[in-house]
Each structure stands twice: as structure tokens, then as C-alpha cells.
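Below is one structure, written out as C-alpha cells, with a few remarks after it.
These numbers come from a predicted model, not from an experiment. Keep in mind that the numbers below use all heavy atoms, side chains included, and drop hydrogens, waters and symmetry copies. Every chain is numbered from 1 and lettered A, B, ... according to where its sequence line falls, protein lines coming before strand lines.
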There are 2 protein chains.
Amino acid sequence: MLSAVSSLVEVARAAGVSVSTASRVLTGSSHPISAKTRAKVIATAEKLGYSPSALARALVSRSSRLIGVLVSDIVNPYFSVIARGIDDVASRAGYVTMLSNVDRRTSTEISRLRTMRDYRAAGVIIAGSGFEADPLAPDLAVAVGQAKEQGIQAVSLTSRDLGCPVITADNEGAAHDVTDHLLSLGHRRIAFIEGPPGMTTSKQRRDGFLACMNAANLSDVARCLPGGFDFEAGHLAAMRLIARPPLPDAILAANDEAAVGALNALRQAGIDVPGEISVAGINDLRLARFVGLTTVSLPLYEMGAMAAQHVIDALPGDATTTLLSHRVIPRETTARRPPG
Amino acid sequence: MLSAVSSLVEVARAAGVSVSTASRVLTGSSHPISAKTRAKVIATAEKLGYSPSALARALVSRSSRLIGVLVSDIVNPYFSVIARGIDDVASRAGYVTMLSNVDRRTSTEISRLRTMRDYRAAGVIIAGSGFEADPLAPDLAVAVGQAKEQGIQAVSLTSRDLGCPVITADNEGAAHDVTDHLLSLGHRRIAFIEGPPGMTTSKQRRDGFLACMNAANLSDVARCLPGGFDFEAGHLAAMRLIARPPLPDAILAANDEAAVGALNALRQAGIDVPGEISVAGINDLRLARFVGLTTVSLPLYEMGAMAAQHVIDALPGDATTTLLSHRVIPRETTARRPPG
DNA sequence: TTGTATGCGTTATCAT
DNA sequence: ATGATAACGCATACAA
């Protein structure tokens with residue numbers, strides 16, 4: 001109340017003790033302190049509205065409680081769920097997350113990673129997927145390396161060659177498993193709406209789809225269509241399918257949003273889902289649950305939570321990969337294929 | 001490459017200059033420096049992989065480039081759009097956002113606000129709505145006051161009595177205007193699905209609806225139903241309406257997600273929208289655009305962007321209110337009321 | 001144009 | 001049980 005900004009020195013002076021004593025009680029040190037002085041320090045700190053400088057603390061202790069988070073776009077529910085997982089465990093441990101949107105641009109990732117490094121973040125969690133043949137990938141890897149030398153933890157949430165631990169969903173396995181589910185329903189001619197071109201995650205999901213179709217000797221009726229991760233892409237792809245009959249038995253989209261887009265196109269065209277055709281996605285967003293979309297639940301929240309825990313626990317930074325499990329969630333957009 | 005973590009001193013020594021010189025070139029100071037030394041310093045900094053400590057910088061300059069952001073839940077698109085607006089202008093100005101989810105709990109808001117203060121954030125943006133008769137509201141206001149004394153900018157994105165600038169959407173006006181749109185379509189008996197009970201934003205939107213109905217002498221056919229801001233709440237409210245015919249002419253939900261929930265319930269019940277009944281929401285989420293929901297576009301992104309700019313420009317912290325404009329977006333879930 | 005010295009708010013080491 | 005004091009990494013006022 002008295003001074004606008006009070007430092008430890010002021011608290012100490014006002015309490016009539018030394019800075020060290022004040023520091024000790026305010027940090028909850030195990031150092032022995034008389035109950036009386038402790039009380040006095042706490043009281044004056046309270047009265048002065050003392051706020052310990054996390055900056056100074058981090059400077060002297062050479063370690064902040066900041067966790068950097070690099071997402072493509074926080075508006076995308078895929079990333080916001082991850083961010084939520086991170087923040088939940090971070091804030092519970094007294095850490096705070098620095099969030100940055102990089103819009104899938106590796107150059108921006110590098111630049112933001114540097115910023116996180118400047119802030120001496122305890123760790124940086126890189127959530128976005130990489131791209132095939134990305135010319136900047138090595139530069140990012142170098143930046144990650146420098147961060148690690150600086151004692152900054154780095155964790156990637158997709159399989160990227162960054163020289164840091166990877167905690168991720170099994171994209172290929174997930175795509176494989178929904179495909180298998182579709183097959184188990186009797187579907188044979190399945191169309192796959194791909195994710196954004198060049199993106200590693202897109203490739204993994206397509207690979208999973210194709211692998212499953214191949215294993216079932218169905219590669220000749222497996223069909224891949226260019227798509228994307230948004231409503232519009234799914235809608236467009238489905239429109240193309242509708243325009244060239246016959247329709248496949250089922251459509252699998254690379255993610256839920258595209259699947260809902262496709263679903264929408266089909267229903268607008270008067271096509272019964274799942275009566276005439278089945279539709280499935282990947283991710284299990286809240287939206288998927290709501291529209292009753294069959295999908296596969298990815299451990300997005302858990303990936304974030306585990307990555308944050310990894311940073312907080314300062315676990316080894318070896319380039320290991322942790323695959324978190326997924327689960328096919330059958331709902332109302334898929335049904336057994338009608339006989340004939 | 002040589003040392004894991006290099007400080008300015010090391011760069012200076014390696015470059016054969018004083019710390020101040022090194023500092024001057026690396027900060028891009030206007031202080032005159034010979035081209036030769038400048039080049040040398042830059043080169044060695046680069047070679048050493050020097051990363052300036054933003055912590056130390058903030059400590060000595062008494063001002064960080066951190067912006068704290070308090071949202072209810074980043075997974076909620078309402079907030080993620082705001083966060084995006086903030087981050088876009090923040091990162092463009094070299095600032096970084098610290099994000100925290102408070103789950104609509106005032107106590108958590110207070111605690112997180114303190115944390116932001118400990119980090120000497122340049123400013124804190126409080127995005128979530130308050131509640132009527134919130135016993136902790138005064139405490140929050142006090143915390144905001146302390147932050148301001150400390151030189152920390154505070155901006156609220158909803159009208160709350162926090163003693164700081166408010167940059168917000170005109171919730172009441174928005175609800176009023178969609179309602180008016182519905183009336184202009186010939187609808188009379190309109191049901192309003194409310195937001196979460198007690199929330200200020202809920203009240204404002206309901207007030208806007210009622211004000212418009214009153215002005216049209218239609219208060220006797222205006223009906224408010226308990227609801228919420230999610231799919232399920234909208235779905236449930238619509239189910240209740242369906243269970244007790246006759247249906248109203250139109251349904252306005254307190255936000256898009258609830259509106260889509262209602263839409264879904266109606267269509268599942270075989271009711272034609274907008275043939276038999278019109279449906280509208282508030283927010284204009286991407287989802288709304290996609291399903292063709294009539295709604296009113298709120299300046300969420302702009303609120304975030306403007307708030308961030310406010311912080312960066314260190315504008316006065318008076319308790320003024322800035323209302324950003326909204327716009328009714330007619331789409332396919334509303335239609336002129338059939339005669340008779 | 002360059003260098004020296006001080007202080008930012010803490011923690012921690014070493015006395016007392 | 002308490003108190004000086006030296007870093008932490010940097011910017012800047014003041015000298016040269």
C-alpha cells in the first residue's frame with residue numbers, strides 16, 4: 001500500500017530484519033527462523049503488497065518456471081486441447097506457459113524458439129507437425145540443439161527429427177485402426193480424404209490407411225483424395241466424390257473437421273449417412289462427439305500433459321519416442337454395409 | 001558453439017571490446033559505434049550462439065515484454081480467437097503471451113494475476129466474464145489495483161468493475177440486433193436460450209433480447225429458457241421446446257454452440273429449419289459459418305488485438321469502456337415466417 | 001567512439 | 001537464528 005513497487009530490501013527494512021532473513025521466510029526455506037520474525041516478515045510483506053520478482057529469481061537461480069509452447073494455430077481445437085493439457089500440469093506445478101502461434105512456418109518456429117530461449121524457458125514444447133523435405137528443418141534442429149545446450153528442455157509432439165524427445169500419438173496406427181473398423185463393418189471401397197499436402201502427419205495417416213487396405217488385399221479399391229484439415233476441404237472432397245458415382249462404401253477423412261465437412265456435403269446432397277455410406281474421422285474433437293461422428297480418439301490432452309511433466313521433471317533429453325495410445329470410437333456415422 | 005551458455009561478458013571478451021560496447025551493438029542502440037567493431041561483435045555473438053537474457057534485460061530495464069492472458073478455457077473457440085488476436089499483435093511487436101486457463105473461477109484469476117505480476121508482465125488481459133454477486137470480485141479488483149500500482153497495464157475484455165479499461169463487444173446490442181433481425185423476418189414468438197446462469201455476459205445478452213422484444217410490444221411472447229454455452233445445453237433446451245408444442249417461430253441461443261445444439265435437436269426431431277422454425281446464435285464461430293447458422297459476428301479477434309496494442313502502447317489505464325462493433329450475419333437457418 | 005561503474009531484485013555462501 | 005555480501009546478465013549514466 002505504501003510504495004508502488006516493493007522489493008525484498010524494503011520488506012526487510014520495514015520488518016527490521018536483514019534481506020537474507022526476509023528471503024528465507026518468503027521462500028519458505030528450511031533454514032531455521034524464529035516464529036516471531038517469520039510472522040513479522042510475512043505480515044509486512046503482506047502489508048506492502050510485496051510481489052517477489054520471478055525475473056530476479058530466475059536470473060539468480062538460472063532457471064525459470066516458464067514453459068514455451070509452439071502451436072500452429074491456437075484456434076485449431078487440435079492445438080488448444082494440447083495447450084490445455086500443458087497448462088493444466090504446468091500451472092499445478094507453479095509454471096506458466098508462453099504460447100506462440102507459428103502458422104506452420106518453420107522460420108517462425110525458429111524465431112519463436114529463440115525468443116523462448118531468451119526467456120530462459122525451462123522447456124519448449126513444439127506441437128506442430130513438420131513437412132516433408134522442409135529446407136529449414138535442419139536449422140530448426142540446430143536451434144533446438146542450442147536450446148538444449150543452454151539447459152532448455154525440448155519436446156516435440158509429432159515425430160520430427162529435432163534431436164529431442166517425441167511424445168506423440170500413433171497417427172499411422174490410428175488411421176490403420178479406423179480403417180480396420182470400417183472393414184469390419186463390411187466396407188470395401190473406401191475413400192481417404194488426405195490432410196494438407198506435404199505435412200508429415202498427413203502422410204502418416206495416409207500410410208496407415210493404405211497399410212490396412214493393403215493387408216486386406218484391397219489396395220485396388222483404396223482411393224486417396226487431396227483434402228486438408230478443415231471443413232471446406234472435407235466438403236470439397238466429398239463433393240467430388242458425389243459428382244463421380246458410384247459412391248464408395250465409406251469415407252475416412254484425415255481429421256474430424258474434414259470428416260464433418262464431408263458429412264455435411266453428403267447430407268446436403270440427400271445421401272443417407274450411414275445408410276448409404278459411412279463416414280469416419282480422426283481426433284475425437286468435442287464436435288465429433290456432438291455430431292455423432294465415428295472417429296479415433298487421439299491422446300491430445302495427454303500428450304500436452306506428459307510433455308509438460310517431462311519438462312518440469314527435467315527428464316533426459318534423448319531423442320526417444322513415446323507413443324500414446326488411441327482408441328476407435330464407433331458412433332452414428334458408420335454402420336454395417338448393407339448386403340448386396 | 002564453444003560454451004553452452006554465453007553471456008554478454010563472454011561475447012565482449014571474445015570480441016575484444018567492453019561489455020557496454022557489446023551491449024550497444026546487440027541492442028541496436030543509437031549510440032555511435034564504428035562499423036568495424038559492430039561487425040566484429042555481431043560476428044562473435046553469432047559464433048558463440050549468444051542469446052540475450054530477456055530476464056536480465058527485463059530486470060534492469062524494469063519492463064518486460066510479457067503479456068499475461070487470462071482466459072476461462074482456451075479450448076473454447078471464443079477464447080482461442082481472442083488469444084489469437086492478442087498473440088498476433090504481441091508477437092509482431094516482439095512481445096510474448098503468457099496464457100493461463102482459469103475455468104471461470106475468480107480465485108484462480110486472482111492467483112494467476114499475481115503470477116503475471118511476479119513476472120512483471122507489461123500487461124495483463126482478462127478475457128473472461130464475471131458473475132453477478134461474485135463475492136471475490138472486490139478481491140480481484142484489489143489485485144488489479146496492485147498490478148497497476150506496479151506499472152502493469154490491465155485490460156478487461158468484458159464489462160467488469162475492475163478499475164481498468166474495458167475493450168469489449170456490445171453483448172446487449174448484439175442480442176438486440178439479431179432479435180430485431182428475427183422480427184424483421186416476421187417472427188413473433190421467439191424463445192431465447194440463455195447462457196450460463198449468473199454470468200454477466202449471459203445477462204447482457206438476455207437483456208438485449210428482452211429489450212428488443214419489449215420495444216416491439218412482444219414481451220408476452222418472449223420466452224427465456226435456462227441453457228448454457230455448449231452444444232448439450234442448446235440441445236437440451238430445444239428438446240424441452242419440442243416436448244411442449246407449439247414451437248415458437250424462432251429460437252435465439254446465447255451463443256453459436258448452443259444454437260448449433262438446438263439446430264441439431266430440431267433436425268433430429270424431423271423439424272425443418274428454417275422451414276418451420278428459424279434458429280440464430282451469437283459469436284460467428286467458424287462452425288457457424290460452416291453450418292450456415294445465422295448469427296451476429298462479434299469482434300473477438302479485434303478485442304484481443306486492440307487490448308494487446310493497448311498494453312504495448314502503454315495507454316492510460318483509466319476505467320473507460322470501448323465498445324467494438326458487431327454485425328448480424330443472416331444465413332440459412334433463418335427465413336421469413338411463412339404466412340399464417 | 002569506447003570503456004568503467006552502478007544497480008535491477010534475488011538467492012546462496014559464508015560468517016557471526 | 002540472523003546478517004553481510006557476492007554473484008546472476010544486462011543497460012545505462014558517466015568518464016575518457
Side-chain angles (χ1 to χ4, degrees), chain A residues 3-42 44-45 48-66 117-122 150-152, chain B residues 3-42 44-45 48-66 117-122 150-152:
Chain A
S3 76
V5 22
S6 55
S7 67
L8 198 49
V9 226
E10 311 187 36
V11 174
R13 182 165 37 215
V17 300
S18 72
V19 208
S20 359
T21 301
S23 172
R24 290 196 262 254
V25 358
L26 261 15
T27 54
S29 146
S30 63
H31 200 99
I33 301 275
S34 83
K36 205 164 86 183
T37 39
R38 157 165 291 122
K40 188 161 53 183
V41 170
I42 292 183
T44 55
L48 296 183
Y50 172 67
S51 153
S53 168
L55 262 24
R57 277 230 244 264
L59 185 60
V60 58
S61 69
R62 299 156 153 303
S63 71
S64 77
R65 281 173 172 284
L66 260 15
R117 191 177 157 219
D118 292 346
Y119 277 96
R120 302 296 185 262
Q150 189 123 168
I152 297 178
Chain B
S3 75
V5 22
S6 55
S7 65
L8 236 202
V9 229
E10 312 188 35
V11 174
R13 182 165 38 213
V17 301
S18 72
V19 209
S20 27
T21 301
S23 171
R24 291 197 262 252
V25 359
L26 262 15
T27 52
S29 147
S30 62
H31 201 98
I33 301 274
S34 84
K36 205 164 85 181
T37 37
R38 158 167 291 122
K40 188 160 52 182
V41 170
I42 292 183
T44 54
L48 295 183
Y50 172 67
S51 152
S53 168
L55 263 24
R57 274 226 246 265
L59 185 60
V60 60
S61 70
R62 301 157 151 302
S63 71
S64 78
R65 281 174 172 284
L66 260 15
R117 191 176 158 218
D118 292 347
Y119 275 97
R120 301 299 185 261
Q150 188 122 169
I152 297 178

Closest to side chain of A:His31, choosing from D:dC10, D:dT2, C:dG9
D:dT2
N/O (side chain, A:Thr37) to phosphate O (OP1/OP2, D:dT2) under 4.0 Å:
yes
Report the distance from atom CD1 of A:Ile33 to atom P of D:dA1, rounded to the nearest whole Å.
8 Å
Hey, does B:Gln150 have a side-chain heavy atom less than 4.5 Å from the side chain of B:Arg120?
yes
Let's go through B:Leu59 and A:Ser53 carefully: what are the C-alpha distance in whole Å and the side-chain angles of both, what is the deciding distance for side-chain contact (heavy atoms from CB on, under 4.5 Å) to 0.1 Å, and is it a yes or a no?
CA-CA 8 Å; B:Leu59 185 60; A:Ser53 168; 4.2 Å; yes
Hey, does A:Ser29 reach any base, or is it just sugar-phosphate, or nothing, if we go heavy atoms under 4.0 Å?
nothing
Quick one: label B:Val17 by what it contacts on the DNA or RNA (base, sugar-phosphate, nothing), any heavy atom closer than 4.0 Å.
sugar-phosphate
Residue whose closest nucleotide on DNA chain C lies nearer the 5' end, B:Arg62 versus B:Ser20
B:Ser20
With respect to the side chain of A:Arg24, which nucleotide from D:dA11, D:dG3, D:dC10 is positioned closest?
D:dG3
Side chain of A:Thr21 only, heavy atoms from C-beta on: which candidate in C:dG9, D:dG3, D:dG9 is closest?
D:dG3
Taking the side chain of B:Val60 as its heavy atoms from C-beta onward, which of D:dC10, D:dT2, C:dT10 lies nearest to it?
D:dC10
Looking at side-chain heavy atoms only, is the closest gap between A:Leu26 and A:Pro52 below 4.5 Å?
no
B:Leu8 near the nucleic acid: base, sugar-phosphate alone, or nothing, with a heavy-atom cut-off under 4.0 Å?
sugar-phosphate
Checking A:Thr27 against A:Ser29 for the side chain to side chain donor-acceptor pair (under 3.5 Å) test, could you report, in this order, the C-alpha distance in whole Å, the side-chain angles of both residues, the deciding distance, and whether it holds?
CA-CA 5 Å; A:Thr27 54; A:Ser29 146; 5.1 Å; no
Among the nucleotides C:dG9, D:dT2, C:dT11, whichever has the atom closest to the side chain of A:Ser23 is C:dT11
Base, sugar-phosphate, or nothing: which does A:Ser63 touch, judged by heavy atoms less than 4.0 Å apart?
nothing
